[in-house]
Amino acid sequence: MDPSDARRILEEERGRGRALIGRAGSIEELDRTKTGVLGRKAPVSEVQRSIGSLPENERRELGRLTNEVLAELRAEVENRRAELEGGADAELLSADAVDVTLPGRRPRPGSFHPLTLVEDRMVDVFTRMGYRVAEGPEIEDEWHNFEALNIPLDHPARTMKDSLYVDVPGMLLRTETSAVQIRTMESQGPPVYVVAPGRTYRHDTPDATHGTVFHQVEGLAVDEGISFADLRGTLEAFARELFGTNTRVRMTPDYFPFVEPGCQVAVSCFVCDGAGCRVCGNGWIELLGAGMVHPKVLENCGYDSERYTGFAFGIGIERVAMVRYGVNDLRLFVEGDVRFLEQFEGVA
Ligand code: FA5
């Protein structure tokens, strides 16, 4: 290469390279430009390779100039790289910026199921009276669900019509929480004061007031000298706590094999105070069955029925929830419709 051509190329490349490097708009573009101006095939590199074949006197001079141009272009590339990287950081910062003054998204609070709310409330009333909570299995044997409760083999409650049996012989889904009475008395001696909330199953045809799966709270008190008056007083106190201080309790005779005497218990309607309205019909709302524990039941559990007496009751939780929240069909409780359930947010 002619030394004067070499000099011209170097000067041209100095200007062209600086301009190209300055125009590179991204790191990728800058890398491509760098290959074009400083790479193996770049004009400056060609000049560099030809230096060895130049005459001695030109060699030193052109070598110095080549190195100078190379160093300058390399420095330009690094400056531009620093600029572009700074710009990328700034862009990232502004794209990712968080506006700390924006109001946060409020998390939606969940809520308890209305049946849970009512069950908790009922259990709370009794635990404050000194009762403790007892539990039993939902799959029961015939002894606890029937025999020990004085329900003989020929009792209609034993037939498949009312009960849901499982594949294991002699086992069924408990038809009432009364089975927990037996389990409790088998596990401890008197005195007993327990409430047993839980799920119960019956082969009932579902309608607005009957479920196949529903819930009860069983109550059992056994001690010396317990009378029917204690049962009445306890249920009155419960009804007043749950439905208001003016609530009256009505007991009408009824038959349950495990109590004697037995009764149905209704409370005066908290909407019309007993006058009769759309909620109650005749002024009274039937809520539960109750009675004095049958001596045979006490004896089945090894209790001395001459010394101890007791009362028991079984309250339908769905029925209480219907009354309390003005719900006219208990199927709403199990359908899981959020529009229904969200109305109970914040309700106690
Ligand atoms: C009983 O289950 C007795 N074990 C109650 C009892 C306990 C009596 C202790 C005496 C001593 P009954 O079948 O009436 O009784 O049911 C009691 C309550 O459960 C009813 O008043 C009602 O509120 C509710 N209940 C009964 N069947 C259903 C059903 N299919 N769906 C929803 N609730 C029901």
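For ligands, and for the atoms within them, numbers begin at 1 and follow the listed sequence. In what follows, residues are counted from 1 in the order of the sequence shown.
Residue nearest to atom 32 (C) of ligand 1, selected from Tyr201, Phe256, Phe214: Phe214 (by heavy-atom distance).
Distances between N or O atoms of Leu287 and those of ligand 1 include at least one value under 3.5 Å.
At least one heavy atom of Leu330 sits closer than 4.0 Å to an atom of ligand 1. Judged by the shortest distance from any of its heavy atoms, Phe258 lies inside the 4.0 Å radius around the atoms of ligand 1. Ligand 1 lies less than 4.0 angstrom from a heavy atom belonging to Gln216. By the 4.0 Å heavy-atom criterion, Gln181 is counted among the residues contacting ligand 1. For Asp254, the closest heavy-atom approach to ligand 1 does not fall below 4.0 Å. Residue contact annotation: Arg202 has a non-hydrogen atom under 4.0 Å from ligand 1.
Glu299 and Ser305 are linked by a side-chain donor-acceptor pair at a separation below 3.5 angstrom, with hydrogens and angles left out of the test. Side-chain atoms of His215 and Glu318 include a donor-acceptor pair closer than 3.5 Å. Glu218 and Ser178 form a side-chain donor-acceptor contact under 3.5 Å, judged by distance and modelled atom types alone. For the residue pair Tyr165/Glu142, the side-chain donor-acceptor check at 3.5 Å is satisfied. There is a side-chain donor-acceptor pair under 3.5 Å between Asp254 and Gln264. Defined by atom type and a distance below 3.5 Å, a donor-acceptor pair is present between the side-chain atoms of Thr175 and Asn145.
At a heavy-atom distance under 4.0 Å, no atom of Thr212 approaches ligand 1. Of all the heavy atoms of Ser178, the ones lying under 4.0 Å from any atom of ligand 1 belong exclusively to the side chain. Residue-level proximity to ligand 1 for Leu288 is carried by the backbone, the only part with a heavy atom below 4.0 angstrom. Of the heavy atoms in Glu318, none comes closer than 4.0 Å to ligand 1. Contact annotation for Phe313 and ligand 1: only backbone heavy atoms (N, CA, C, O) come within less than 4.0 Å of the ligand.
In summary, Arg183 and Glu186 do not engage in a salt bridge, as defined by a charged side-chain N under 4.0 Å from a carboxylate O. Glu72 has a carboxylate O that lies under 4.0 Å from a charged side-chain N of Arg18, or vice versa, which qualifies the two as a salt bridge. Look at Glu78 and Arg74 and you find no salt bridge, because none of the NZ, NE, NH1 or NH2 atoms lies under 4.0 Å from a carboxylate O. The residues Arg319 and Glu286 are annotated as not salt-bridged, no charged nitrogen and carboxylate oxygen being separated by less than 4.0 angstrom. Ion pairing between a basic and an acidic side chain is recognised when a charged N comes within 4.0 Å of a carboxylate O; Lys34 and Asp31 show no such pairing.
Proximity to Glu176 (heavy-atom distance under 4.0 Å) selects the following atoms of ligand 1: 1 (C), 2 (O), 3 (C), 4 (N). Ligand 1 places these atoms under 4.0 Å from at least one heavy atom of Thr209: 31 (N), 32 (C). Set against the non-hydrogen atoms of Gly289, the atoms of ligand 1 under 4.0 Å away are 5 (C), 6 (C), 7 (C), 8 (C), 10 (C). Close approach of ligand 1 to Val259 is summarised as follows: ligand atoms under 4.0 Å from at least one heavy atom of the residue are 10 (C), 11 (C). Near Gly316, meaning under 4.0 Å from one of its heavy atoms, ligand 1 places the atoms 18 (C), 19 (O), 23 (O), 24 (C).
Scanning the protein heavy atoms around atom 31 (N) of ligand 1, the nearest turns out to be Gly211 N, 2.9 Å. Looking only at protein heavy atoms, the nearest one to atom 9 (C) of ligand 1 is Glu218 OE2, 3.4 Å. At the shortest separation from atom 22 (C) of ligand 1 among protein heavy atoms lies Arg319 NH1, 3.4 Å. The nearest heavy-atom contact from the protein to atom 7 (C) of ligand 1 is Gly314 N, 3.3 Å.
Between the side chain of Asp5 and the backbone N or O of Arg8 there is no donor-acceptor pair closer than 3.5 Å. At least one donor-acceptor pair closer than 3.5 Å links the side chain of Ser268 to the backbone N or O of Arg248.
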